[in-house]
Protein chains: 2
Amino acid sequence: MDQNNISEAVLPLEKFIAYRLNQAAEKVSQRFALEYKKRYGMTRPEWRTLATIGQFGNITAKEICQHSSMHKTKVSRAIFTLEQRRWLKRTVDQNDRRVEHLELTTQGQKAYMELSDVARTFQDQIYGALGAANTSALETSLEAIETLIDPQ
Amino acid sequence: MDQNNISEAVLPLEKFIAYRLNQAAEKVSQRFALEYKKRYGMTRPEWRTLATIGQFGNITAKEICQHSSMHKTKVSRAIFTLEQRRWLKRTVDQNDRRVEHLELTTQGQKAYMELSDVARTFQDQIYGALGAANTSALETSLEAIETLIDPQ
DNA sequence: AAAAATTTGTTGCATATGTAACGATGGACT
DNA sequence: AGTCCATCGTTACATATGCAACAAATTTTT
């Protein structure tokens with residue numbers, strides 16, 4: 001077959017799901033990253049770590065890794081930075097001294113609550129711009145992909 | 001208000017769209033990355049660059065940046081690596097010698113076609129696992145987000 | 001109880017990435 | 001032509017990331 005006839009081989013990236021998902025996710029995340037960058041100069045791993053501790057209240061580094069799918073060194077470094085900002089405190093587990101329990105300080109809670117507000121506003125804007133039907137489709141498809149990824 | 005009452009401030013990450021989109025996109029991409037890593041030891045920027053040149057046939061580095069949203073240094077380095085593998089050739093534009101036109105070599109075409117096949121199979125598997133209704137919802141919502149991002 | 005294996009979190013090192021500066025070229029304006 | 005500015009792609013440098021090795025603690029095996 002003529003090598004230049006790529007009709008059988010071409011892969012329009014606009015129709016490739018991995019590509020489109022990544023573009024969409026990256027743009028949305030970058031847009032939201034502006035918020036925590038400009039307010040607090042935070043990185044993405046730091047924001048995710050803060051948000052995870054904020055949500056669970058008391059959590060270990062390992063649990064953050066499991067919940068967020070971030071690499072343990074990324075989490076370890078984010079925890080270090082958040083600790084330096086005095087946004088979290090560590091408590092060594094008395095039954096297993098390898099384990100550290102992490103909690104937000106008052107300052108950390110404050111930043112978390114402010115950014116949670118920003119996040120909800122951001123999400124509302126997206127949903128508003130998408131409209132009810134598309135929002136519903138997005139929920140449906142994300143749930144489907146999540147089920148595919150993490151079959152409980 | 002009691003600081004520990006975070007009912008107003010909590011942001012369940014399982015309901016935050018930026019977070020969910022990223023998790024989904026990252027998992028799907030990582031799964032597909034196994035394919036081009038094991039076959040060719042390629043990185044993600046290299047695969048994306050190959051796929052973009054493959055799709056357009058003749059393209060410049062700048063156009064790859066615009067189409068893929070990759071940073072120009074990432075594209076520059078991917079082009080360099082693909083060139084070293086003899087998967088692409090550069091041709092300096094005779095009207096504007098700053099510009100280089102990129103095309104795949106025969107070897108590059110071969111790799112591109114093979115990986116395109118793998119990609120389509122991968123996509124078919126995802127769509128098969130999602131089912132028609134969820135696939136349709138995914139298409140709809142991705143289009144909606146894309147419109148939101150790139151309003152023409 | 002001693003030895004071996006596992007787990008939690010950190011760190012050294014190599015790689016990957018982005019920013020800013022750059023060289024080369026081209027275009028605009030005088 | 002000469003000066004200034006913009007553009008294309010590369011590179012130097014600083015930062016971010018992941019892998020592998022690690023220390024410390026715990027559990028399992030013998």
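Computed from heavy atoms alone, side chains included, the values below leave out hydrogens, waters and symmetry copies. So you know, we letter chains A, B, ... as the sequences are listed, proteins then strands, and number each from 1.
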request  = Send over the distance from Asp93(B) CG to dT25(C) P, rounded to a whole Å.
outcome  = 13 Å

message = Using a 4.0 Å heavy-atom cut-off, does Asn95(A) contact any base of the nucleic acid, only the sugar-phosphate backbone, or nothing at all?
response = sugar-phosphate

ask   = Hey, are Glu139(A) and Arg20(B) close enough for a salt bridge, meaning a charged N less than 4.0 Å from a carboxylate O?
value = yes

request  = Go through dC8(D), dG9(C), dG26(C) for me and flag the one nearest to the Arg97(B) side chain.
outcome  = dG26(C)

request  = Could you tell me the separation between the CD atom of Glu100(B) and the C1' atom of dT25(C), rounded to a whole number of Å?
outcome  = 12 Å

query = dA24(C) C1' sits how many Å from Lys62(B) NZ, rounded?
reply = 16 Å

remark   = Gln94(A) CD to dA24(D) P, in whole Å, measures 18 Å

inquiry  = Checking contacts here: which listed nucleotide (dA24(C), dT8(C), dG9(D)) is nearest the side-chain heavy atoms of Arg98(B)?
reply    = dA24(C)

key: His101(A) versus Glu63(A), side-chain donor and acceptor atoms under 3.5 Å   = no

query = Atom CD of Glu26(B) and atom P of dG18(D): how far apart are they, to the nearest Å?
reply = 9 Å

query = When you measure from the side chain of Asp96(A), which nucleotide among dA25(D), dT7(C), dT11(C) comes out closest?
reply = dA25(D)

ask   = So, the side chain of Tyr19(A) versus the backbone of Arg48(B): is there a donor-acceptor pair under 3.5 Å, distance only?
value = no

request  = Answer yes or no: is there a donor N or O on one side and an acceptor on the other, between the side chain of Thr121(B) and the main chain of Asp117(B), under 3.5 Å?
outcome  = yes

query = In whole angstroms, how far is the C1' atom of dT11(D) from the CD1 atom of Ile79(B)?
reply = 15 Å

request  = Using a 4.0 Å heavy-atom cut-off, write out nucleotides 12-21 of chain C from 5' to 3' as B (base contacted by protein), S (sugar-phosphate only) or - (no contact).
outcome  = BB---BBBB-

ask   = Rounded to the nearest 0.5 Å, how far does CG of Asn134(A) lie from OG1 of Thr140(A)?
value = 11.0 Å

task = Give the C-alpha distance, both sets of side-chain angles, the deciding distance and a yes or no for salt bridge (charged side-chain N to carboxylate O under 4.0 Å, His left out) between Glu35(B) and Lys38(B).
result = CA-CA 5 Å; Glu35(B) 303 292 342; Lys38(B) 89 175 164 210; 3.5 Å; yes

Separation of Arg120(A) CZ from Leu115(A) CG (nearest 0.5 Å) = 11.0 Å

ask   = Given atom CZ of Phe80(A) and atom C1' of dT17(D), what is their separation to the nearest angstrom?
value = 17 Å

Below 4.0 Å: OP1/OP2 of dT8(C) and any side-chain N or O of Arg90(A) = no

Euclidean distance, atom CE of residue Met70(A) to atom P of dA16(D) [Å, nearest integer] = 15 Å

